[in-house]
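Bear in mind the structure is a predicted one, so any value in this text is a computation, not a measurement. Reckoned from all heavy atoms, side chains included, excluding hydrogens, waters and symmetry mates.
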Amino acid sequence: NNGRLLNYKKDEGKIGNALKLIANSLELPKKLLNPTRIKFDNSKENSPASKFLIFHKNILIKTIEADGSNFNLNVQGTKGYVELGFDKNKVRVTSSPCLHKTCINSGSISLSGESIVCIPNELMILCE
């Protein structure tokens, strides 16, 4: 919500209450054996990202301009380093010490409003 991760257990308001309904229907919290990524997109149009925001524990730690550069970046997460691959205005997680690798399997993001979240590492990459 506005670049902030929401806690379905604590956050109130329209979005927080909607997340609580989803969590209750999924019987969360529980240990997921076959995790599935739920993608939320809050943009009204599919505009290309102008920058990528990287958050750790809900704190913005780095902003990367989407300038067409190709490079890799290691970011410290809660469980260890996560490698991000930037390629022609797209970003993806290429390596992570997390167990399920859902962040890696999420693929690339490039449109404003898209995000990748690695829950064990408490990292979020958000296109803006």
Restricting to non-hydrogen atoms, name the atom on [X] and the atom on [Y] that form the minimum distance, rounded to 0.1 Å.
X      : Y      : answer
Glu65  : Ser50  : OE1-O, 3.5 Å
Tyr81  : Asn74  : CD2-CB, 4.0 Å
Ser110 : Cys127 : N-SG, 3.8 Å
Phe52  : Ile109 : CE2-O, 4.0 Å
Lys88  : Asn70  : N-OD1, 2.9 Å
Arg92  : Ser108 : CB-OG, 3.7 Å

Quiz item: Step by step, would you call His100 with Asn105 a side chain to side chain contact (heavy atoms under 4.5 Å, CB included)?
Solution: CA-CA 9 Å; His100 293 294; Asn105 295 326; over 6 Å; no
Reported [atom1]-to-[atom2] distance for the pair [X] and [Y], which is rounded to 0.5 angstrom:
X      : Y      : atom1 : atom2 : result
Ile119 : Leu99  : CD1   : CG    : 12.5 Å
Glu114 : Lys90  : CD    : NZ    : 10.0 Å
Cys98  : Glu122 : SG    : CD    : 12.5 Å
Thr78  : Leu123 : OG1   : CG    : 6.5 Å
Ile125 : Phe86  : CD1   : CZ    : 7.5 Å
Leu126 : Ile54  : CG    : CD1   : 10.5 Å

Quiz prompt | Intermediate values then yes/no, side chain to side chain contact (heavy atoms under 4.5 Å, CB included), Ile61 and Val75 | solution = CA-CA 9 Å; Ile61 58 169; Val75 179; 3.5 Å; yes
Quiz item: Is Lys62 atom NZ crowded by more than 12 heavy atoms from other residues, nucleotides or ligands, each under 6.0 Å away?
Solution: no
Quiz item: Is there a path of hydrophobic side-chain contacts, each under 4.5 Å between heavy atoms of I, L, V, M, F, W or Y residues, that connects Ile59 with Ile64?
Solution: no
Practice problem: Indicate yes or no: at least one non-hydrogen side-chain atom of Leu84 is less than 4.5 angstrom from one of Val93. | Solution: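 In short, these two side chains touch, coming nearer than 4.5 Å.
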Quiz item: Is there a side-chain contact between Pro120 and Lys79 (heavy atoms, below 4.5 Å)?
Solution: yes
Quiz item: Side chains of Ser96 and Asn121: donor-acceptor distance under 3.5 Å anywhere?
Solution: yes
